[in-house]
Every structure is written in structure tokens, then in C-alpha cells.
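Accompanying notes for the structure given below.
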Amino acid sequence: MTVVILCGSPYSTYARDILHELNELGVTQVQVVAADPESSSARRSWKGRAAALFKVARRPTRGLRRLLGASVSVDAAAALESAVQAQGGRLHLVPDVNGETCQRLLVELNVDLMLLGGTPIMKAPVLRIPKIGTLNAHQGALPRFRGMNVIEWALLERCPPSVTVHFVDPGVDTGDIVRVEPIPVESGDDLMAVKRRSSALQSRLLAEATVQAQRGPLPRQTQTATDGKQFYVIHPCLRALAERRLQGYVQEMAQV
């Protein structure tokens, strides 16, 4: 079975974590396809993100540092490429993960299963290529929590923070559900700790789903548009409230 990890950048530590979990479970010769940061489409995307951030950043230089992040480096790209090559695969760079070059490459790779390692919303022409389909791990319990900052939104609604593995369709977190798992929450956790644990859980669940797909069809729970709702970027005041709700949730779990 040909497995491909698709990611929006060769600097993706998330893609590297997914690859590591796959290799730990014996899945090797995984290919990684990433958007080339030197392509014109990628540069336009970066410029748009920079412009948006500069509007809200108090100091542009600080905003730029936040935009780029410590992981965006040549070393990070080299680490991903080395990890891919060590297990028998190759890192492929394309101008746009939704573009025609990417489509042609995926056809040439004869991909069976594609895993998303951090991408923009994927379009139908790419999603039609993998024979089994495309899987994503979402930081929320689907179908209830679609969209962004759903760990915080779940805590605000006093629901357990969770990760869902689902098939990807052209909608936003609307594809068939494979598996939902709660995120372990421990005493002393803050939101950042829960999100780090969520990222680790996402990588592991995608790897486990891949192994399961090698053995036979994955379970699929169909969603409908009315099953849940889509959430958007949370306001800082609401995020602070979610942080307080998290502490209450931790205390409740300790008493169970």
C-alpha cells in the first residue's frame, strides 16, 4: 500500500511526527509531498499572512517572528527529508498542494492512502486521487466541533477535548468519521499542554488508522451538515475563560 503524507511546508514537524509514528508501527517507504516555500504561490501565501499579521501586531518585527516561528528553518526541512529517506521514501516539493503539479505527482506515485500533515483546505481534484481516500486528524470531537480552536470551544461548552480521525472531503471537517478519542488531561495542565498532547495523539491515531487500512476497510460514520456546527477563531477573553474551565475539568476528572 502506497502511503503519502501531504503537508503545506517542508518545515512541518507535524509531518515528521506522523512519519515517526508510522515507522514505529512498521509502515515504511512513506512518501512526503510538501509545498515548496520558494514557489511563487507559496510566496504569495506568506506575503498575505504577513500583511494580515502586521495589521494586528503591536510591533512588526515581533509579528514577523511570530509568523515565521522557530521551526521554519533549513534545519527543519533537512530533518524531514533525512527522516523520509531513511525509511525508503522521498520528499517531493510542489508549487501548490492543490495544484496540477501535485495532482500529476500523486497519480505517478499511485497513492492508496493520503494523510494530511497540515495543509490548507484540500480541493476535490486532489482528494479524488488516493484509492482508499485521505485522512485527517482533527482537534475536536466530530461532528459536534468543526473548524478552529475547537479544544477551547469544547472546554467552554464543558465537553471533553478530543481528536477525530476522519476522511477528508471538500468541506470543512465534514468527511466520514473513522475514530474519536479523548485527549488525556492531567493535573497541572494548561491549554498549551493539552494542545501538545493533542498533536501527539493526532500523529499516533493517523498511524494506527493506516495500519488498520492495510488490513481491511476502515469504519466510516457519515456526517450530515446538521450534525454539528463550525467554530471560528476564538477571542482572547473567551480563551482565558476556556483556560479556567480547563482547571475545573481537571478537578472533576481527579474526582472520578
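In this structure, Arg146 forms no cation-pi arrangement with Phe231, as its terminal cationic atom is not both closer than 6.0 Å to the ring centre and no more than 45° off the ring axis.
Looking at Asp189 and Arg197, a side-chain N of the basic residue comes within less than 4.0 Å of a carboxylate O on the acidic one, giving a salt bridge. Salt-bridge annotation for Lys195 and Glu152: present, with a side-chain N of the basic residue lying under 4.0 Å from a carboxylate O of the acidic one. Salt bridge Arg90/Glu81: absent, no basic N to carboxylate O contact under 4.0 Å. Ion pairing between Glu243 and Arg239 fails under the 4.0 Å rule for side-chain N and carboxylate O. A salt bridge does not link Arg245 with Glu157: none of the charged nitrogens is closer than 4.0 Å to a carboxylate oxygen.
Under the 4.5 Å side-chain heavy-atom criterion for Ile, Leu, Val, Met, Phe, Trp and Tyr, Leu115 and Val163 are members of the same hydrophobic cluster. Following chains of ILVMFWY side-chain contacts shorter than 4.5 Å, one cannot reach Ile151 starting from Trp153, and the two form parts of different hydrophobic clusters. Under the 4.5 Å side-chain heavy-atom criterion for grouping Ile, Leu, Val, Met, Phe, Trp and Tyr, Val33 is connected to Met114 within one hydrophobic cluster.
A side-chain donor-acceptor contact under 3.5 Å links Asn136 and His166. With hydrogens and angles left out, the side-chain atoms of Gln212 and Arg179 include no donor and acceptor closer than 3.5 Å. Side chain to side chain, Thr174 and Asp169 meet the donor-acceptor criterion of an N or O pair below 3.5 Å. When only modelled atom types and interatomic distance are considered, Gln139 and Gln202 share a side-chain donor-acceptor pair under 3.5 Å.
Among all heavy-atom pairs drawn from His92 and Leu109, the shortest one is NE2-CD2, 4.0 Å. Contact between Leu135 and Val168 at its shortest, heavy atoms only, is C-CG2, 4.0 Å. The nearest pair of heavy atoms linking Gln230 to Val172 is NE2-CG1, 3.8 Å.
Considering CD of Gln223 and CG of Asp176, their distance stands at 7.5 Å, rounded to 0.5 Å. Distance OH/Tyr14 to CG/Leu206: 4.5 Å, rounded to 0.5 Å. Distance check: Leu156 CG to Ile234 CD1 gives 4.5 Å after rounding to the nearest 0.5 Å.
Heavy atoms from other residues, nucleotides or ligands lying under 6.0 Å from NZ of Lys123 number 12 at most.
A distance-only check finds no donor-acceptor pair linking the side chain of Thr2 to the backbone of Asp112 [under 3.5 Å].
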